[in-house]
Engineer: 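One structure, as structure tokens, below. Some questions next.
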2 protein chains.
Amino acid sequence: MAEQHELRDKGLRLTPQRELVLSAVRELGHATPEEVAEKVRATHPGINLSTVYRNLETLENVGLVQHTHLGHGGATYHASEVLTHLHLVCGTCGSVGDAPIDVAANFVQNLADDYGFKTDVSHFAIYGLCAACVK
Amino acid sequence: MAEQHELRDKGLRLTPQRELVLSAVRELGHATPEEVAEKVRATHPGINLSTVYRNLETLENVGLVQHTHLGHGGATYHASEVLTHLHLVCGTCGSVGDAPIDVAANFVQNLADDYGFKTDVSHFAIYGLCAACVK
DNA sequence: CGCTAGTTGCGAAATATTCGCAAGTAGCAG
DNA sequence: CTGCTACTTGCGAATATTTCGCAACTAGCG
Ligand SMILES: [Mn+2]
Ligand SMILES: [Mn+2]
Ligand SMILES: [Zn+2]
Ligand SMILES: [Zn+2]
């Protein structure tokens, strides 16, 4: 069953733009659609921003990428294979720190037990004050 | 010291628009700027949307209202006196449930202990699947 | 009463994201 | 290898959301 290309395996057509968008997301770690477009333009200058938006959506639909909300505005995308982690966003200095998902294990369990809610702790960032700004 | 009006107490001028925006936020519970504007227009038809945005910002600066991110897009505002609670947003059906902040007490403590991070658990919603959609 | 700084309404600008459509192309069938 | 068709792309325009500049207005103080 292991076919020739991960995009084809997901039932997607293999276009240069689509491959470039996926690579860009992987290389950037976290990126906004605009940043992904910029990255792709390094090798494919003509790519249109709407093509980036459309491909991010398509890639998300088949589970190759995911989006997260780190700030008050738009979303950022990351590859799915990156083992998910929490984002600790500081409201004062704007820094974004990471933390392993298991610091939330107990919390997630509480929500499951009390509300039957299956939590995806990394979709939204965790907001607050970083250690530096607490002082 | 207890002066004559809560807005004046905060050092703000008392304008009809400002009072109406604050009342609207209180009556609506959670509301987008657009919804606040709509509510205010019931009694003050001419209010401009930018006046609503500016007043929400002003009211937030003095701590009378706060904003939260419930969805992928813009912010919603609520009065500060509402004892804060978590928002459980379902990614499938879009429902927004509430939960008392103390279900997160342990999680908040972990982040404080491990990262010195002072968490505001209610600024961003908690995303996942509601009990109904888990099935 | 007047003055002055803070506010408002309004139109325009800045952002961010989505859409319609015609031209281009990936992949399958023959 | 060739042709067909559905899927994609580029592009410009449309939406949607939030912010600004500015002149007119007014709350609050003296
Ligand atoms: Mn915010
Ligand atoms: Mn989202
Ligand atoms: Zn900080
Ligand atoms: Zn649901």
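When reading the values below, keep in mind they use all heavy atoms of this one structure, side chains included, and skip hydrogens, waters and symmetry mates. So that the names make sense, note that chain A is the first sequence line, chain B the second, and so on, each numbered from 1.
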Engineer: Tell me, please, which residues at least two apart from Y115(B) pass side-chain contact (heavy atoms from CB on, under 4.5 Å).
Structural biologist: L88(A), A99(A), P100(A), V103(A), L111(B), F117(B)
Engineer: How close or far is atom P of dT8(D) from atom CG of L56(A), stated in whole angstroms?
Structural biologist: 14 Å
Engineer: Please figure out whether G46(A) or A75(B) has its closest DNA chain D nucleotide nearer the 5' end.
Structural biologist: G46(A)
Engineer: Run the salt-bridge test on E57(A) and R18(A) with the 4.0 Å N-O cut-off and return the result as yes or no.
Structural biologist: no
Engineer: For the ring pair (Phe, Tyr, Trp, His ring centres under 6.0 Å) test, which of H123(B), H69(B), H72(B) pairs with H69(A)?
Structural biologist: H72(B)
Engineer: Tell me, with the steps shown, if S122(A) and H85(A) meet side-chain hydrogen bond (donor to acceptor under 3.5 Å, both in side chains).
Structural biologist: CA-CA 6 Å; S122(A) 65; H85(A) 50 265; over 6 Å; no
Engineer: For ring-ring contact (aromatic ring centres under 6.0 Å, His included), just list the numbers for H87(A) and H30(A), CA-CA rounded to whole Å, side-chain angles, deciding distance to a tenth of an Å, and then say yes or no.
Structural biologist: CA-CA 11 Å; H87(A) 302 102; H30(A) 288 117; 4.5 Å; yes
Engineer: Please determine whether a side-chain nitrogen or oxygen atom of Y53(A) lies at a distance below 4.0 Å from atom OP1 or OP2 of dT17(C).
Structural biologist: yes
Engineer: For a quick test of reading the model: is some side-chain N or O of Q17(A) closer than 4.0 Å to OP1 or OP2 of dG10(D)?
Structural biologist: yes
Engineer: Tell me, for nucleotides 19-30 of chain C in 5' to 3' order, what letter each nucleotide earns: B for a base near a protein heavy atom under 4.0 Å, S for only sugar-phosphate near one, - for neither?
Structural biologist: BB----BBSS--
Engineer: Between E57(B) and R18(A), just flag the one whose closest nucleotide in DNA chain D comes earlier from the 5' side.
Structural biologist: R18(A)
Engineer: Regarding H44(A), tell me which of base, sugar-phosphate or nothing describes its non-hydrogen contacts under 4.0 Å with the strands shown.
Structural biologist: sugar-phosphate
Engineer: Check side-chain contact (heavy atoms from CB on, under 4.5 Å) between N106(B) and all other residues, then give those that pass, not counting sequence neighbours.
Structural biologist: N106(A), N110(B)
